[in-house]
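Read the structure below first, then the notes.
Order of appearance sets the numbers: ligands from 1, and atoms from 1 within every ligand.
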Amino acid sequence: MNLSQDHSREPVQLLKHGPIAEICIDNPPVNALSQPVRQGLLTCLTAAEKDHEIQAVIITCNGRTFIAGADISEFGKLLLEPHLPDVLDQLDRCTKPIVAALFGTVLGGGFEVALSCHYRVALPQTKLGLPEVTLGLIPGAGGTQLLPRLAGAEMALEMITSGKPQTALQLFDHGVIDVLLEQGSLSVTKQAIEFALQIVKAGKGARRVSQMIIDTASCPNDLFDQWRTKLAKKARGQKAPQYCINAIENALLVPFEEGKKREREMFIKCLESSQSRAMRHAFFAERSAAKLPPAYNHLEHADLLPIQQVAVIGAGTMGGGIAICFANAGISVQLLEMSEDNLARGLAAIRTRFEQALKRGLITQQQLDKRMSLIVGTCNYEDLNTVDLVVEAAFETIAVKQQIFSTLDRVCKAEAILATNTSYLDINKIAKSTSRTHKVIGMHFFSPANIMKLLEVVYAADTDEQSVKTVMALGKKLGKVSVAVGVCYGFVGNRMYACYGREANMLLLEGASPQQIDTAMKNWGMAMGPLAVNDMSGIDIGYKARQENPPVTPDPLYFRAADLMVEAGRLGQKTAAGFYRYDTQTKKLQVDDAVLPMFAEEALKLGVIQRDDISEQEIQHRLIFSLINEGATILSEGIATRASDIDAIWLNGYGFPRHLGGPMCYADEIGLDKVVAGIKTYQQQGNGLYWQTAPLLETLLLSGGKLAQQ
Ligand code: T1G
């Protein structure tokens, strides 16, 4: 029976099942704790407490998940009452037992609601977590005080500083979950009502987590300092993880109310920080990227093509990684190579990668066997006549790809989608070697393909809506962040990365050393410096790409430093020497000053004047501003649909620090005036050919607009 008037539009309703009151939340898509939900919770709780017929309360949700957190879209605006901590205080203090009925992804404020209840029942595979740290925040409604009281300090530290959820099954042994519900028999709500009735019958009252004592017997004395040291390294430059540790430590040091008060103060400080603004921008950028580009909005809404079986052409590093992506998602793969030897090598390399995952506890033996069984090798194109989609990952030359696509067009079924993993080449040219240009598309994976989350979905001139929608959805199924981009040299990520690499190379000619450049970029926030990255991937890859496809505005200066390495046989780690030298056993990087006179001699030849006053800031600004400038140009050309798409690309494909939000977000944070001034400086200082300020930056500077919102 519905106790409240007919407010069917309200997100929270109070229903009555005999002596049990049900507070039911219905706020699609994830039952986020928006202001109306918080208000509704408070109103219904007050009513249930006053109703003498009610002896226990359950909190339930409609839809696909229990509350998945605070409403992130409210952050950055004025926070409206009732504030979540106040609502949860009332839950905690309720005199009647309250049961949380959990399923789906119970995250952030949702988990805090559950922890503020007196009992928790859940389906075994329910995910429970406090991911606030991934948004540059800390739990802001008691999570850092409640979780240690139930699960202990060490589990709380692990979950809160990593933001990674655990299942109800995993948490059951820690006493966080009271009963694991049965999947599929009675509904979660009905099972929760049954449990509440048992509580009432047994005379068990409210059991406040806030009053529990934390078991510190197993905690080492320096537990929190150990975590501070570990995270200062692992989450270098990030503030929220350190605040998480301080807040959890307070749970052992001060009473609950004081601990919660200090937690809220730290939460507000994080909420107002640039790091949290950047990480919340990243969250929404990755979700906006899932929306199709306008180019595909006007077409009739095509259905997705079912993808049950795929083929991958080429069993090299990329082809093998791509095959693993599909097998991990449970999709059968035919892996085609030109010879039995190459195929055997490729399959062996795939097995090795799975065995490494097994050794690290990431998969079970059963999963390894299942995934290997999904990958079948062949040397015969005719075997591909039933696949729904092909991903070509062969040599990066247009002639080879055109030949492959012409063969695929002949053997594959008419509706099959033909995708290429090319990093640079013109997909329109590849499509023209088929009779199905509307089914040709780019699926640009990033190495290692089974690890990196980014997938650039490159639509060519004729690619149809069904192909784009199907591949975007397939990317999500593979666990990727799919971003739809247009065709140009290097699409979005690599085109911008070429500018970043160009500046690093130019700085070598101008007198900076490899370690000076790499140290500057690591100090800025990158995980690795550009030259160490280049050594790791192989300097010859870019060299060959430039030979095969000279950049649009070829300039002998651009990559001469890298070309020198290749011409001297210094290809990077694989030859134990590149910009650095590498120990042949340990592969440990060592500075090698032998490269400096090579750059100096080349600079003399090219008329580049060497300087010894290159500062860390100049290195950082030239590399990062080149990304911003090229990104703004790409946006103006329509190759990227949104500025936030460019941020999603750089956060998931190139290790751009998530707490800086991506190049477009970062530009707004430091100020477009500073970026444009820097560009003009480098234009006057060096080769003006490429430091032309993107018109969009000039326009926004005049209008005061935000680049990341374009
Ligand atoms: N707030 C607002 N909108 C949200 C949201 C949230 N918390 N979570 C998801 N959405 C939107 C999302 O933008 C998208 O919108 C749609 O829901 C589907 O999302 C006080 C302060 C729950 C695992 O960090 O991890 O609580 O694009 O595409 O892949 O201490 O969403 O359709 O318009 O991601 O099935 C803590 C964030 C907040 C959870 C579902 N909670 N969300 O994944 O769908 S801070 C989180 C997720 C907090 C407290 C603190 C995932 C998901 P649109 P989706 P999905």
Sole candidate of Val57, Asp178, Leu91, Ile98 that passes side-chain contact (heavy atoms from CB on, under 4.5 Å) when paired with His118: Ile98
- prompt: Which atoms from ligand 1 have a heavy atom of Asp71 less than 4.0 Å away?
  reply: 1 (N), 2 (C)
- line: For Phe267, the atoms of ligand 1 under 4.0 Å from one of its heavy atoms are 21 (C)
task: Determine, considering heavy atoms only, which of Thr105, Leu88, Leu107 sits nearest to atom 25 (O) of ligand 1.
output: Leu107
message: Does Lys127, at its NZ atom, have more than 12 non-hydrogen atoms belonging to other residues, nucleotides or ligands within less than 6.0 Å?
response: no
query: Side chains of Lys260 and Pro85: closer than 4.5 Å at any heavy-atom pair?
result: yes
- line: Atoms of ligand 1 under 4.0 Å from any heavy atom of Gly69, numbered from 1 in the order shown, are 26 (O), 41 (N)
message: Using a 4.0 Å cutoff against the non-hydrogen atoms of Pro139, which atoms of ligand 1 qualify?
response: 30 (O)
query: Are the aromatic ring centres of Tyr654 and Phe446 under 6.0 angstrom apart?
result: yes
message: I need the Ser276 OG to Lys269 NZ distance, nearest 0.5 Å.
response: 14.0 Å
query: Should you measure from each heavy atom of Glu112, which atoms of ligand 1 turn up under 4.0 Å away?
result: 20 (C), 30 (O), 49 (C)
- request: Could you pull out, from Arg287, Lys291, Glu132, the option with a heavy atom nearest to atom 27 (O) of ligand 1?
  value: Lys291
statement: Checking His659, Glu272, Glu669 against Arg277 for side chain to side chain donor-acceptor pair (under 3.5 Å), the one that qualifies is Glu669
task: Can you confirm whether something in the protein, heavy atoms only, sits under 4.0 Å from atom 42 (N) of ligand 1?
output: yes
query: Just wondering, do Leu14 and Ile23 contact through their side chains at under 4.5 Å, heavy atoms?
result: yes
query: Counting each atom of ligand 1 from 1 as listed, which ones have a heavy atom of Arg64 under 4.0 Å away?
result: 18 (C), 35 (O), 44 (O)
- prompt: Counting heavy atoms only, which part of Pro29 comes closer than 4.0 Å to ligand 1: side chain, backbone, both or neither?
  reply: side chain
- prompt: Would Glu257 and Arg93 pass as an ion pair if we require N to O under 4.0 Å?
  reply: yes
- request: Measure from atom 24 (O) of ligand 1 to every heavy atom in Ser73, Gly163, Pro131 and give the option owning the shortest one.
  value: Pro131
query: Gly143 near ligand 1, heavy-atom distance under 4.0 Å?
result: no
- prompt: Would a 4.5 Å heavy-atom cut-off, applied to side chains only, mark Leu271 and Leu137 as touching?
  reply: yes
message: I'd like to know if the side chain of Ser636 pairs up with that of Gln710 as donor and acceptor (distance under 3.5 Å, no hydrogens or angles considered).
response: no
message: Checking contacts here: is it the side chain or the backbone of Ala70 that comes within 4.0 Å of ligand 1, counting heavy atoms only? Could be both or neither.
response: both
task: Using a cut-off of 6.0 Å, state whether more than 12 heavy atoms not belonging to Glu265 lie near its atom CD.
output: yes
message: Below a 4.0 angstrom heavy-atom separation, can you tell me which part of Phe111, side chain or backbone, both or neither, approaches ligand 1?
response: neither
field: Any Lys127 heavy atom less than 4.0 Å to ligand 1
entry: no
For Lys476, the ligand 1 atoms whose distance to one of its heavy atoms is below 4.0 Å: 28 (O), 29 (O)
task: Looking only at distances, please establish whether an N/O atom of ligand 1 is found under 3.5 Å from an N/O atom of Leu84.
output: no
query: What protein heavy atom sits nearest atom 37 (C) of ligand 1, and how far off is it?
result: Phe283 CE1, 3.5 Å
- request: Could you tell me the separation between the CG atom of Leu707 and the CD1 atom of Ile646, rounded to the nearest 0.5 Å?
  value: 7.5 Å
task: Using a 4.0 Å heavy-atom cut-off, say whether Val30 meets ligand 1 through its side chain, its backbone, both or neither.
output: side chain
- request: State whether Glu286 and Arg658 are salt-bridged, where the test is any N-O pair (Lys NZ or Arg NE/NH1/NH2 against Asp/Glu carboxylate O) under 4.0 Å.
  value: yes
- prompt: Of the protein's non-hydrogen atoms, which lies at the shortest distance from atom 39 (C) of ligand 1, and what is that distance?
  reply: Ala68 O, 3.3 Å
- prompt: ligand 1 versus Leu130, non-hydrogen atoms closer than 4.0 Å: side chain, backbone, both, neither?
  reply: neither
- prompt: How close does the nearest protein non-hydrogen atom get to atom 1 (N) of ligand 1, and which residue and atom is it?
  reply: Ile72 N, 2.9 Å
query: Between Arg280 and Phe284, is NZ or CZ placed under 6.0 angstrom from the six-membered ring centre and within 45° of the ring axis?
result: no
field: Side chains of Leu374 and Ser332 in contact at under 4.5 Å (non-hydrogen atoms)
entry: yes
task: Measure Thr134 to ligand 1 on non-hydrogen atoms and call it side chain, backbone, both or neither using the 4.0 Å cut-off.
output: neither
task: Say whether Glu74 and ligand 1 are in contact under the criterion: heavy-atom distance to a ligand atom below 4.0 Å.
output: no
- prompt: Just which atoms of ligand 1 are under 4.0 Å from any heavy atom in Gly108?
  reply: 26 (O), 36 (C)
